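What follows is a single structure, written as structure tokens, with notes after it.
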Amino acid sequence: MNVALVIPAYNEEERIENVIRTAQRSDVLSEIVVVSDGSTDNTVQVALECNVQTVALPINQGKGAAMQYGVENTDSEIIVFLDADLVNLKVEHIESLVNPIIEDNMDMTCGVFQAGRDSTDMHHKITPWLTGQRAAKREVIESCTDLTESKYGAELSLTKKAVEEKLKVKKVCLKGLTHTTKEEKIGLVKGFWARLKMYWQVISYFRKNDLKYDSIDAVME
Ligand SMILES: O=c1ccn([C@@H]2O[C@H](COP(=O)(O)OP(=O)(O)O)[C@@H](O)[C@H]2O)c(=O)[nH]1
Ligand SMILES: O=C(O)[C@@H](COP(=O)(O)O)O[C@H]1O[C@H](CO)[C@@H](O)[C@H](O)[C@H]1O
């Protein structure tokens with residue numbers, strides 16, 4: 001079974017190389033697709049220099065659009081999503097997301113940070129269903145037809161599908177993994193506004209789809 005890694009990336013020139021270089025050492029991946037989501041920095045050039053398939057949306061459309069475009073640019077039967085800003089990513093993390101799908105016929109895996117950093121560990125403890133680190137069978141992702149419009153709600157769309165279809169979901173602990181926060185990337189004030197915008201998109205997705213917190217949270221037990 002072919003496995004593609006899709007990395008949505010918006011202005012990640014300083015961080016994406018680490019993620020790509022680790023992924024290139026993984027035997028479980030057949031291909032790596034970087035999607036620059038209208039980046040205005042050198043994200044595309046950095047990815048190209050790493051010799052991975054790199055596609056670019058002309059303007060910033062939101063994380064969900066980048067994920068969708070990545071899926072459209074691969075035929076692989078299993079897709080892994082990883083954020084471009086991960087810190088301490090190991091080959092084992094990628095394997096732990098992919099193997100349950102190949103070996104145990106899981107439909108989806110969701111990776112939660114553990115013992116990475118207190119702040120990011122805490123976010124994943126409270127809202128593990130928002131994680132951007134996950135793998136799923138291609139048909140599951142294709143059945144989520146609203147990824148593009150949902151922006152930061154894209155993870156909720158995938159989780160919602162798991163609830164509706166009673167999919168087999170495995171929560172995977174990603175030990176030692178963390179990411180660079182928005183405030184660290186673009187500064188306290190801009191980062192805080194970007195965080196509010198993200199939460200707004202997630203809450204909007206909840207309301208628009210009349211989701212119940214308990215059923216979403218139960219998927220990750
Ligand atoms: O409009 C956007 C916003 C984010 N991202 C990417 O989506 C991933 C997660 O976004 P972010 O780091 O902002 O989320 P956080 O992990 O801080 O919640 C990262 O690889 C971003 O570069 C994207 O492709 N388009
Ligand atoms: O973990 C979270 O609460 C947020 C925000 O993380 P940080 O506050 O930047 O550590 O990040 C997740 O949620 C986003 C929205 O669904 C996803 O796109 C990210 O991939 C995920 O890390």
Side-chain angles (χ1 to χ4, degrees), residues 5-20 23 32-44 46-47 54-71 73 80-89 93 97 110-114 116-135 144 146-160 174 177-188 190-206 209 211 216-217 219-220:
L5 168 62
V6 170
I7 310 175
Y10 176 55
N11 289 346
E12 300 282 8
E13 66 177 9
E14 289 170 32
R15 295 162 289 273
I16 196 166
E17 183 171 354
N18 269 332
V19 175
I20 296 173
I32 299 171
V33 183
V34 169
V35 185
S36 164
D37 181 17
S39 298
T40 51
D41 69 356
N42 286 320
T43 297
V44 167
V46 172
T54 306
V55 292
L57 292 166
I59 52 164
N60 180 245
Q61 293 181 37
K63 188 184 183 194
M67 291 164 69
Q68 175 65 35
Y69 197 50
V71 174
N73 276 277
V80 194
F81 293 108
L82 292 180
D83 290 346
D85 57 2
L86 296 175
V87 178
N88 296 333
L89 178 68
H93 294 136
L97 288 168
C110 299
V112 293
F113 296 159
Q114 200 184 58
R117 273 202 287 178
D118 286 349
S119 60
T120 55
D121 283 2
M122 190 188 71
H123 286 144
H124 277 207
K125 219 172 193 147
I126 300 169
T127 54
W129 32 268
L130 280 186
T131 180
Q133 285 44 254
R134 58 175 89 201
C144 296
D146 61 356
L147 288 184
T148 296
E149 71 206 48
S150 51
K151 299 180 188 278
Y152 276 116
E155 277 84 23
L156 257 184
S157 172
L158 291 166
T159 308
K160 169 174 161 275
L174 302 173
L177 191 61
T178 180
H179 68 176
T180 310
T181 63
K182 293 178 173 55
E183 290 79 1
E184 289 164 337
K185 286 187 210 174
I186 54 176
L188 273 184
K190 279 190 182 166
F192 177 70
W193 283 111
R195 179 180 297 280
L196 285 189
K197 193 171 148 192
M198 176 185 78
Y199 288 144
W200 176 248
Q201 289 172 4
V202 169
I203 291 165
S204 300
Y205 192 91
F206 251 102
N209 292 279
L211 299 183
I216 290 294
D217 204 45
V219 172
M220 301 295 298

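Counting starts at 1 for both ligands and their atoms, in listed order. Note that this is a predicted model, so its numbers are computed, not measured.
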- prompt: Do T120 and H124 have side-chain heavy atoms sitting under 4.5 Å apart?
  reply: no
Set of side-chain contact (heavy atoms from CB on, under 4.5 Å) partners for Q201, sequence neighbours left out: K151, Y152, K197
- prompt: Is it true that atom CD of E14 has more than 12 heavy atoms of other residues, nucleotides or ligands lying nearer than 6.0 Å?
  reply: no
message: I want to check something: taking the side chain as every heavy atom from C-beta on, are N73 and V35 in contact at a cut-off of under 4.5 Å?
response: no
message: Quick check: H123 with F113 (ring centres under 6.0 Å apart)?
response: no
query: Any side-chain heavy atom of Q133 within less than 4.5 Å of one from H93?
result: no
query: Taking only residues two or more places apart in sequence or in another chain, which ones pass salt bridge (Lys or Arg N to Asp or Glu O under 4.0 Å) with E12?
result: R15, K185
task: Write out the protein residues near ligand 2, meaning a non-hydrogen atom under 4.0 Å from one of its atoms, in order of chain and number.
output: K63, D83, T120, H123, H124, T127, L130, G132, Y152, E155, H179, T181, K182, R195, M198
Donor-acceptor pair between D37 and Y69 side chains, under 3.5 angstrom: no
- prompt: Which one of L82, D83, N18 satisfies the side-chain contact (heavy atoms from CB on, under 4.5 Å) criterion with L89?
  reply: L82
message: Give the residues near ligand 1 by chain and number, with the criterion being a heavy-atom distance under 4.0 Å.
response: P8, A9, Y10, E12, D37, N60, G62, K63, A66, D83, A84, D85, Y152, H179, K182, K185, M198
